[in-house]
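Not measured: the values here are computed from a predicted model. Note that ligands are numbered from 1 as they come in the structure, with each ligand's atoms numbered from 1 the same way.
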Amino acid sequence: MSVKLRAPKGTHDLLPPDSEKYAAVEHVARRVFGSFGYGEIRTPVFESTELFSRSVGETTDIVHKEMYTFPDRKGRSLTLRPENTAGVVRALVEHGLQEMPRPIRLWYAGPQFRYEQPQAGRYREFRQIGVELLGVAGSAGDAEVLAMLFRFLEALGFTDLTATLNCIPSGAARESFSLALREHVRPKAASLGPEDARRLEENPLRLFDSKDPEVVSLLRGAPSTLEFLDEESRRHHEELKELLRQAGVRFTESAAIVRGLDYYTRTVFEVASERLGAQNAILGGGRYDGLVAHLGGPPTPAVGFAIGEDRLVSLMTTDARPERPLFWVVPDSKDELAYALAVASELRAVMPDATVESDLAGRGIGKGLSRAAQILADPGRHAQRAGGVRAVLLGSREREDGKVTIKDLATGEQETFPRTELAERFGAARER
Ligand code: HAM
């Protein structure tokens with residue numbers, strides 16, 4: 001008996017029209033990020049394991065228990081990337097970032113891998129769209145990235161989202177904050193699960209990643225990150241808030257946001273939606289001023305974010321797909337097939353932005369038209385309906401006279417005219 005082959009747990013296939021929604025979102029990303037001068041970077045899907053343990057952090061959930069790590073045939077330890085910031089920084093250091101004109105503005109889209117317990121909105125293979133800005137130390141860098149993020153979200157029809165912002169202490173201030181946090185939690189240490197007990201000892205900031213309700217409520221009364229900021233960080237944070245207000249970026253503040261990756265310094269932010277349920281973060285980001293030097297490059301401040309593309313697409317209520325008129329070319333029988341294919345290719349030449357599909361079975365105009373009616377009713381074909389759906393009916397008379405009969409399926413209007421007028425009629429319509 002043959003075994004049914006299935007996609008691995010936590011992965012999902014993307015078929016049309018869903019795949020087109022992803023492509024449309026990426027198209028908008030390219031347009032919006034490009035308008036701010038960001039260029040696309042593509043880095044390998046797998047990297048050396050050390051890259052992630054050194055950047056994301058040994059004690060984070062990601063490195064501790066969520067990485068797909070495997071030896072290659074020569075015994076080198078490789079890992080499917082759980083996120084893309086580390087890969088971007090590695091690539092820039094490798095390609096001589098010190099020689100590149102600053103600032104460096106990059107964006108990316110691609111699959112990431114985390115061995116998490118799958119549930120709605122949480123996958124083992126998921127897609128991120130991210131942005132990294134390197135070489136800007138001041139709060140104007142954070143502000144640009146956030147303003148661009150909101151421009152992108154608005155272009156996709158999200159007008160009611162709010163960023164939650166925090167500033168986390170770095171360097172010596174981070175040490176003091178960790179100590180204070182440890183002291184606050186230690187009296188309750190006996191009631192912590194093994195995972196949180198480990199966090200308490202190794203890296204108390206990671207307690208904020210805990211999903212244990214008792215830890216979450218314990219942290220509500222904990223010392224606040226903001227109390228531990230050094231003067232410069234505090235100023236950075238205040239300036240950023242002022243820039244965001246002026247740019248009209250909606251945000252609130254929360255000292256509970258520390259983010260689950262170790263590389264962050266100062267600014268951190270998230271955007272969540274209640275419509276996503278438990279896995280409610282659409283995106284997260286922040287500043288990582290120490291990472292480039294930590295990975296062997298020259299000291300370079302940096303800030304960025306990554307959006308969970310699957311979560312974003314699942315929340316979209318507007319259709320980001322471009323409107324494309326549809327021509328459904330129907331030969332009346334197999335005898336008209338060659339004529340139909342020629343008319344179809346002429347239509348494509350005249351209207352490069354249209355979809356021209358041919359009924360290859362040659363089952364006759366009746367069946368062809370009922371198929372066209374199905375297309376008209378299919379919600380997945382929304383973009384094409386918006387651009388108009390027309391049937392191109394080709395019988396023996398059309399073929400012999402060199403004509404086409406075109407029926408507009410929305411209005412029911414039908415017209416027969418010489419094939420040579422296609423360019424004139426539809427080429428002109430396109431330019432209107
Ligand atoms: P992150 O918060 O780990 O940050 O991930 C960013 C977003 O990816 C999350 O907010 C979520 O929407 C999505 N995501 C994460 N895990 C999953 C999953 N298992 N299934 C579906 N979606 C998921 C980063 O990755 C940083 N590299 C962001 C960054 C860029 N910071 C600075 N630059």
Side-chain angles (χ1 to χ4, degrees), residues 8-12 14 22 25 33 38 41 43 47 51-52 55-57 60-68 80-90 92 104-134 136 141-142 144-146 148-149 153 158 161 163-164 166 168 206 208-209 211 257-273 275-292 300-315:
K9 185 173 173 182
T11 66
H12 59 136
L14 291 179
Y22 281 70
V25 164
F33 300 159
Y38 285 68
I41 182 167
T43 64
E47 298 268 3
L51 172 65
F52 302 112
S55 55
V56 174
T60 58
D61 279 3
I62 294 178
V63 171
H64 192 66
K65 55 181 187 185
E66 293 173 359
M67 295 206 304
Y68 279 91
L80 298 184
R81 63 183 184 198
E83 60 97 57
N84 220 155
T85 307
V88 167
V89 172
R90 195 266 316 132
L92 289 174
I104 301 169
R105 294 186 161 103
L106 296 169
W107 73 277
Y108 51 81
Q112 320 291 331
F113 306 86
R114 296 183 192 176
Y115 193 88
E116 293 195 79
Q117 208 41 51
Q119 50 174 268
R122 190 159 80 192
Y123 306 101
R124 289 182 174 172
E125 182 194 34
F126 59 98
R127 292 153 189 87
Q128 281 186 344
I129 296 180
V131 157
E132 313 293 354
L133 167 65
L134 294 100
V136 183
D142 315 40
E144 170 171 290
V145 156
L146 274 155
M148 184 170 79
L149 165 65
L153 292 172
F158 294 100
L161 293 173
T164 309
N166 193 19
I168 55 175
R206 297 274 65 88
F208 284 96
D209 306 335
K211 304 204 168 58
I257 300 241
V258 299
R259 314 266 304 117
L261 301 93
D262 274 351
Y263 49 61
Y264 290 113
T265 52
R266 294 189 178 161
T267 308
V268 286
F269 55 88
E270 287 182 358
V271 173
S273 166
R275 285 200 284 137
L276 280 171
Q279 299 304 317
N280 63 2
I282 304 175
L283 63 96
R287 183 163 274 285
Y288 50 99
D289 289 344
L291 185 59
V292 178
T300 308
V303 57
F305 63 78
I307 304 169
E309 191 179 359
D310 310 270
R311 295 181 188 179
L312 187 75
V313 167
S314 77
L315 286 174

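For ligand 1, the 4.0 Å heavy-atom shell takes in E83, T85, Y108, R114, E116, G121, R122, Y123, F126, Q128, E132, R259, L261, Y263, Y264, A281, I282, L283, G284, G285, G286, Y288, G304, F305, A306, G308, R311, ordered by chain and residue number.
Using a 4.0 Å cut-off between charged nitrogen and carboxylate oxygen, R206 and D61 do not count as a salt-bridge pair.
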Original post:
Would V145 and Y38 count as a side chain to side chain contact (heavy atoms under 4.5 Å, CB included) if you check the C-alpha gap in whole Å, the side-chain angles of each, and the deciding distance to 0.1 Å?
Top reply: CA-CA 10 Å; V145 156; Y38 285 68; 3.8 Å; yes
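In this structure, CZ in R275 is found 12.5 Å from CG in N280, a value given to the nearest 0.5 Å.
Applying the salt bridge (Lys or Arg N to Asp or Glu O under 4.0 Å) rule to pairs touching residues 304-313 yields R127-D310, sequence neighbours excluded.
Applying the salt bridge (Lys or Arg N to Asp or Glu O under 4.0 Å) test to R114 and every residue at least two apart in sequence or in another chain returns nothing. In this structure, E66 has no salt bridge (Lys or Arg N to Asp or Glu O under 4.0 Å) partners at least two apart in sequence or on a different chain.
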